[in-house]
There are 4 protein chains.
Amino acid sequence: MAKSVNKVILLGNVGKDPEVKFLPSGSAVANLTIATSERFKDKGGEWQDRTEWHNLVAYQRTAEIIRDYVKKGNKLYIEGRIQTRSWDDKTSGEKKYRTEIIIGELVLLSGRGDGESGGGGGYNRSSSSSSYDQRSSGPSDDLVNSTEITDDDIPF
Amino acid sequence: MAKSVNKVILLGNVGKDPEVKFLPSGSAVANLTIATSERFKDKGGEWQDRTEWHNLVAYQRTAEIIRDYVKKGNKLYIEGRIQTRSWDDKTSGEKKYRTEIIIGELVLLSGRGDGESGGGGGYNRSSSSSSYDQRSSGPSDDLVNSTEITDDDIPF
Amino acid sequence: MAKSVNKVILLGNVGKDPEVKFLPSGSAVANLTIATSERFKDKGGEWQDRTEWHNLVAYQRTAEIIRDYVKKGNKLYIEGRIQTRSWDDKTSGEKKYRTEIIIGELVLLSGRGDGESGGGGGYNRSSSSSSYDQRSSGPSDDLVNSTEITDDDIPF
Amino acid sequence: MAKSVNKVILLGNVGKDPEVKFLPSGSAVANLTIATSERFKDKGGEWQDRTEWHNLVAYQRTAEIIRDYVKKGNKLYIEGRIQTRSWDDKTSGEKKYRTEIIIGELVLLSGRGDGESGGGGGYNRSSSSSSYDQRSSGPSDDLVNSTEITDDDIPF
DNA sequence: TTTT
DNA sequence: TTTT
């Protein structure tokens, strides 16, 4: 039985194509950012938007799903927990902190059933080479070139 | 209608007596930390606890409630949103980040009926002087010295 | 300061066009249903989907937003609280219960870029008469016939 | 990857001692209620409390934890999902509905490290015989009669 | 820095 | 760095 709760719920847009790496163990790790925005009234009574960027991390199966289906601009719902890592910066010797959300659950809302589509290539063809390679075990070309990904196309 | 969601739910214990300051406007700001812990199996298959510390901030009425009723060791439920502030460190010139949870809702679960009671003093008598001063506009001595704060004692 | 928490988070699809009524006071009330589904393994080890239908209620401004922008099939994120009403059934004399989610926050995720568009009518032209009348103060025809509603169209 | 979200968070007090039964399979099922209350202003501008009762269900290990550690009056945090069962009432032939929260996570906040203690009996000695029997595989008398249950006493 |  |  848990004695505490550390829960985060975010719904926002992915800032850029996720970066997915594989640990020596073969386990996947995904890093991505999502933006949320809130509307508030400034001192002059004008409505302003403030954007907040969140660093997300996913492991294993979730990281693989992200590699295969999440890309820049997608709208995402996630549940996770907050974790702050700290280390001593080697050059300055200062203590540094980085707060990340470890993803537990993920719902892809992106939609538009597509992607940045354009260009002469397929799905994320324009991604960095490392990203390209990561996707080599991803969806087949038939899938990635379709104009719309439906639920039936997604094997989970 | 919101277009995104940025929500945090934490339930944990307060690390030390909250610090409450007043802005020139007279508006209160409270800073406090709470710990959550999760249990996980280490590589050797042993159960380990990992503690996560969260920096919380509250404003206005919520900050005043915190000043008056929250202290070190209390168990707290909060809802809030994540906010990361960044600035350039004056000495090192480096970019620094600090992630905080802005408290929206708060439920005080502590009690223990309550307080570290003991000692020769009352409620928080042993707090730092700054904390002591902050409480000077808090509950009356009659209240703070009682051995149990009941709901009837709390005017909100 | 709250002493308890009653919070619901749902993300699912709207079952049919919402019904919106106006109280004598002129205040709007919206009723709608959304479906969530969970995947579970049955006794035979096969994956099954179970759909859960939720009765939602919104008031005032939120009800008006729903009237104007939410329709059958839309994907919706909502935060709310659980409320169970009970009454004595007039014919059977039995105690009846109805559990509803009172919507606090709402994020419209639908889009699909969008709408059932087609048919001989516009946006929700086919709604029931009560619904039809309610929508008489809804979006203009120019808006409702557009093939895509963008944020720029939405005045909030 | 989930396509929807059905999540409930409740923090409130247990209405009476939970009822725990065992299925023929040996699997435990716990039923309990918790109350949440909200404060609102009535038409006369007076603050009123409205209490909402929630029907909770837990299975297996969680049900056993509830049997062993949760009792009337305890404060509980739970995460779960909403589920509505329906059936045809045998006598009236009417469709009946019952909405329940299936508990996923549970944090016992009860505290006071005790219980209704008093009386001439022990922990729940006054429970129904079925409840008594259910507890026969619960904590030992030494535990249940102790004036304070600490985490060290709890084997999870 | 908390808590059990 | 996102989105509308």
Side-chain angles (χ1 to χ4, degrees), chain A residues 1-6 10-19 31-39 47 49-56 70-78 84 86 109-112 115-116 128, chain B residues 1-6 10-19 31-39 47 49-56 70-78 84 86 109-112 114 116 127-128 131, chain C residues 69 107-111 113-114 146 148-156, chain D residues 69 107-111 113 148-156:
Chain A
M1 185 170 56
K3 287 176 214 157
S4 61
V5 176
N6 173 357
L10 299 174
L11 196 164
N13 296 290
V14 176
K16 22 182 179 173
D17 286 347
E19 291 176 17
N31 283 271
L32 67 159
T33 55
I34 78 170
T36 58
S37 63
E38 64 169 320
R39 191 149 284 187
W47 282 104
D49 268 337
R50 176 168 25 220
T51 295
E52 191 68 35
W53 286 97
H54 308 270
N55 300 311
L56 311 187
V70 175
K71 56 183 191 300
K72 178 177 172 175
N74 281 173
K75 194 168 284 263
L76 224 55
Y77 168 95
I78 70 102
T84 299
S86 70
L109 304 165
S110 94
R112 276 196 301 167
E116 66 281 24
S128 71
Chain B
M1 185 168 58
K3 286 174 212 160
S4 61
V5 176
N6 173 357
L10 300 174
L11 196 165
N13 295 292
V14 177
K16 22 182 178 170
D17 286 347
E19 291 176 16
N31 283 272
L32 66 160
T33 56
I34 79 171
T36 58
S37 63
E38 64 171 318
R39 192 151 284 190
W47 282 105
D49 269 336
R50 179 172 19 223
T51 295
E52 190 68 36
W53 286 97
H54 308 270
N55 299 310
L56 309 188
V70 175
K71 57 185 192 297
K72 179 176 173 176
N74 282 173
K75 194 168 283 264
L76 224 55
Y77 168 95
I78 69 102
T84 299
S86 70
L109 303 165
S110 82
R112 271 199 301 169
D114 131 44
E116 66 281 25
S127 300
S128 71
S131 169
Chain C
Y69 300 105
V107 181
L108 180 56
L109 304 164
S110 83
D114 132 40
S146 74
E148 177 150 13
I149 298 178
T150 69
D151 269 10
D152 292 340
D153 297 317
I154 302 184
F156 52 85
Chain D
Y69 301 105
V107 181
L108 180 56
L109 303 165
S110 94
E148 176 151 13
I149 297 176
T150 70
D151 269 10
D152 292 340
D153 296 317
I154 303 185
F156 52 85

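Each chain gets a letter, A, B and so on, in the order its sequence line appears, and its residues count up from 1. Excluded from the calculations below are hydrogen atoms, water molecules and symmetry mates; all remaining heavy atoms, backbone and side chain alike, are included. In this text the structure is predicted, and so the values were computed from the model without any measurement.
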Measure CD1/I34(B) against C1'/dT1(E) and give the value in whole Å, please. 12 Å

Please state how far atom CG in D49(B) lies from atom C1' in dT4(E), giving the value in whole angstrom units. 9 Å

What about T51(A): does its side chain form a donor-acceptor pair under 3.5 Å with the base of dT2(F)? yes

Taking NE2 from H54(A) and P from dT3(F), how many angstroms apart are they, rounded to a whole number? 16 Å

Could you state the CG-P distance from L109(C) to dT3(F), rounded to the nearest angstrom? 16 Å

Side chain to side chain contact (heavy atoms under 4.5 Å, CB included) partners of E52(A), counting only residues at least two apart: T36(A), H54(A), N6(B), Q83(B), T84(B)

side-chain contact (heavy atoms from CB on, under 4.5 Å) with L56(A): of V70(A), V14(A), L10(A), only one passes, and it is L10(A)

Whole-Å distance, N13(B) CG to dT1(E) P, equals 15 Å

Between dT2(F), dT1(F), dT1(E), which nucleotide has the shortest distance from any of its atoms to the side chain of T33(B)? dT1(E)

Measure CG/N74(A) against C1'/dT2(F) and give the value in whole Å, please. 10 Å

Interatomic distance, K16(B) NZ vs dT2(E) P [rounded to whole Å]: 9 Å

dT1(E) C1' sits how many Å from R50(B) CZ, rounded? 18 Å

Go through the structure and list residues passing side chain to side chain contact (heavy atoms under 4.5 Å, CB included) with N55(A), not counting sequence neighbours. T33(A), R98(A), E100(A)

Can you tell me if W53(A) is stacked onto the base of dT1(F), using a 5.5 Å centroid cut-off and an angle below 30°? yes

Measure the CG-CG distance between N13(A) and N74(A) for me, rounded to the nearest 0.5 Å. 8.5 Å

